[in-house]
Amino acid sequence: MKLIIINGPNLNLLGKREPEIYGASSFETYFETLKNTFQNVTLSYYQSNIEGEIIDKLHEVGFDYDGVILNAAAYTHTSVGIGDAVKAIESPVIEVHISNVHSREEFRHTSFIAPNAKGVISGFGLQSYDLAIQSFL
Ligand code: DQA
């Protein structure tokens with residue numbers, strides 16, 4: 001089972017950025033925990049702050065990987081291009097959020113990804129990624 005986690009803008013600052021919302025751990029630290037927990041999964045990780053790079057990565061992995069776990073962060077709520085890429089590829093995509101986007105500002109209630117995602121996991125902190133991996137197993 002080959003899965004990739006793709007994180008969008010500002011998620012490179014996890015651990016430093018608004019820790020009351022996003023927690024105190026960096027993603028790199030958490031990723032080591034995930035790899036230890038799911039040793040039977042070939043797990044990769046990619047982060048970009050650039051919309052087109054996220055689209056390129058979806059194209060690159062989306063006809064080969066068994067699943068994509070995508071936290072497009074702010075682009076979730078704005079990017080028709082990433083939404084179209086999720087629709088274009090064959091690998092199933094789970095939309096993930098650390099925070100519960102539905103309990104936050106109204107603009108976070110819109111997702112251009114959800115209509116073409118296999119499912120959405122939001123609000124479980126970093127454990128949202130863990131739950132997404134489990135959903136593929
Ligand atoms: C986020 C929620 C988004 O609304 C926000 O722009 C992010 C992170 C989350 O994981 O909770 O950057 O995707």
Side-chain angles (χ1 to χ4, degrees):
M1 165 85 47
K2 203 158 72 165
L3 301 177
I4 185 167
I5 295 171
I6 301 179
N7 273 345
N10 302 305
L11 293 173
N12 54 309
L13 294 182
L14 282 179
K16 294 182 191 144
R17 170 196 185 199
E18 298 176 273
E20 65 289 356
I21 298 178
Y22 298 114
S25 169
S26 72
F27 198 81
E28 285 70 17
T29 303
Y30 180 66
F31 188 60
E32 290 307 310
T33 310
L34 279 180
K35 282 196 293 192
N36 282 333
T37 309
F38 298 102
Q39 291 187 11
N40 295 331
V41 177
T42 306
L43 201 54
S44 23
Y45 166 57
Y46 177 77
Q47 191 277 330
S48 175
N49 294 320
I50 299 167
E51 185 176 14
E53 287 185 354
I54 295 169
I55 294 171
D56 283 345
K57 183 54 80 174
L58 287 166
H59 293 178
E60 185 189 316
V61 301
F63 296 88
D64 180 29
Y65 278 59
D66 299 303
V68 177
I69 295 156
L70 174 62
N71 186 349
Y75 287 143
T76 306
H77 320 300
T78 61
S79 178
V80 175
I82 294 177
D84 281 353
V86 168
K87 192 169 186 185
I89 64 176
E90 285 172 1
S91 306
V93 175
I94 306 271
E95 175 183 333
V96 158
H97 300 284
I98 297 164
S99 63
N100 176 359
V101 286
H102 295 287
S103 69
R104 300 181 64 194
E105 303 94 319
E106 191 141 358
F107 68 85
R108 295 185 205 276
H109 302 177
T110 299
S111 170
F112 285 96
I113 292 159
N116 299 309
K118 187 175 178 207
V120 180
I121 299 172
S122 180
F124 295 91
L126 286 174
Q127 216 198 333
S128 294
Y129 295 91
D130 189 308
L131 295 169
I133 295 168
Q134 284 183 49
S135 79
F136 281 114
L137 301 179

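Remember, it's 1-based here, ligands and their atoms both numbered in the order they're listed.
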Identify the two heavy atoms, one from K2 and one from D66, that lie closest to each other, and give their separation to 0.1 Å.
->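 What the structure gives for the nearest pair is N-OD2, 2.6 Å.
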Tell me whether [X] has any N or O atom under 3.5 angstrom from an N or O of ligand 1.
| X | result |
| --- | --- |
| V96 | no |
| T76 | no |
| L11 | no |

Could a heavy atom of V101 be found less than 4.0 Å from some atom of ligand 1?
->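 V101: in contact with ligand 1 (<4.0 Å).
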Counting from 1, what ligand 1 atoms have a heavy atom of [X] closer than 4.0 Å?
| X | answer |
| --- | --- |
| R108 | 3 (C), 4 (O), 5 (C), 6 (O) |
| R17 | 7 (C), 12 (O) |
| A74 | 6 (O), 12 (O) |

What protein heavy atom sits nearest [atom], and how far away is it?
| atom | result |
| --- | --- |
| atom 11 (O) of ligand 1 | S99 OG, 2.6 Å |
| atom 9 (C) of ligand 1 | I98 N, 3.3 Å |
| atom 7 (C) of ligand 1 | Y22 OH, 3.5 Å |
| atom 3 (C) of ligand 1 | H77 NE2, 3.5 Å |

For ligand 1, indicate whether the residue E105 contacts it via side chain, backbone, both or neither (heavy-atom separation under 4.0 Å).
->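 No part of E105 comes within reach of ligand 1.
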Where on H97 is there a heavy atom closer than 4.0 Å to ligand 1, on the side chain, on the backbone, on both, or on neither?
->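 It is both backbone and side chain that touch ligand 1.
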Report the residue from F136, F38, F27, Y45 that forms a ring pair (Phe, Tyr, Trp, His ring centres under 6.0 Å) with Y129.
->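 For Y129, the ring pair (Phe, Tyr, Trp, His ring centres under 6.0 Å) test succeeds with only one of F136, F38, F27, Y45, which is F27.
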Qualifying residue, where the test is ring pair (Phe, Tyr, Trp, His ring centres under 6.0 Å) with H109 and the options are H97, H102, H77 =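 Output: one option passes, namely H102.
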Within the side chain of S122, is there an N or O that forms a donor-acceptor pair under 3.5 Å with the backbone of V101?
->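 Checked: pair present.
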Please confirm whether the backbone N or O of L126 pairs with a side-chain atom of Y22, one donor and one acceptor, at under 3.5 Å?
->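 Here the side-chain-to-backbone pair does not exist.
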Side-chain donor-acceptor contact under 3.5 Å, E32 with N36 =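 Absent: no donor and acceptor within the cut-off.
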Tell me, do V96 and L131 make a side-chain contact under 4.5 Å, heavy atoms counted?
->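 Side chain of V96 against side chain of L131, heavy atoms only: no contact under 4.5 Å found.
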Does any non-hydrogen side-chain atom of I82 lie less than 4.5 Å from one of L70?
->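 A side-chain contact under 4.5 Å exists here.
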Residue that, paired with E95, satisfies side chain to side chain contact (heavy atoms under 4.5 Å, CB included) out of V120, V68, V86 =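 For E95, the side chain to side chain contact (heavy atoms under 4.5 Å, CB included) test succeeds with only one of V120, V68, V86, which is V120.
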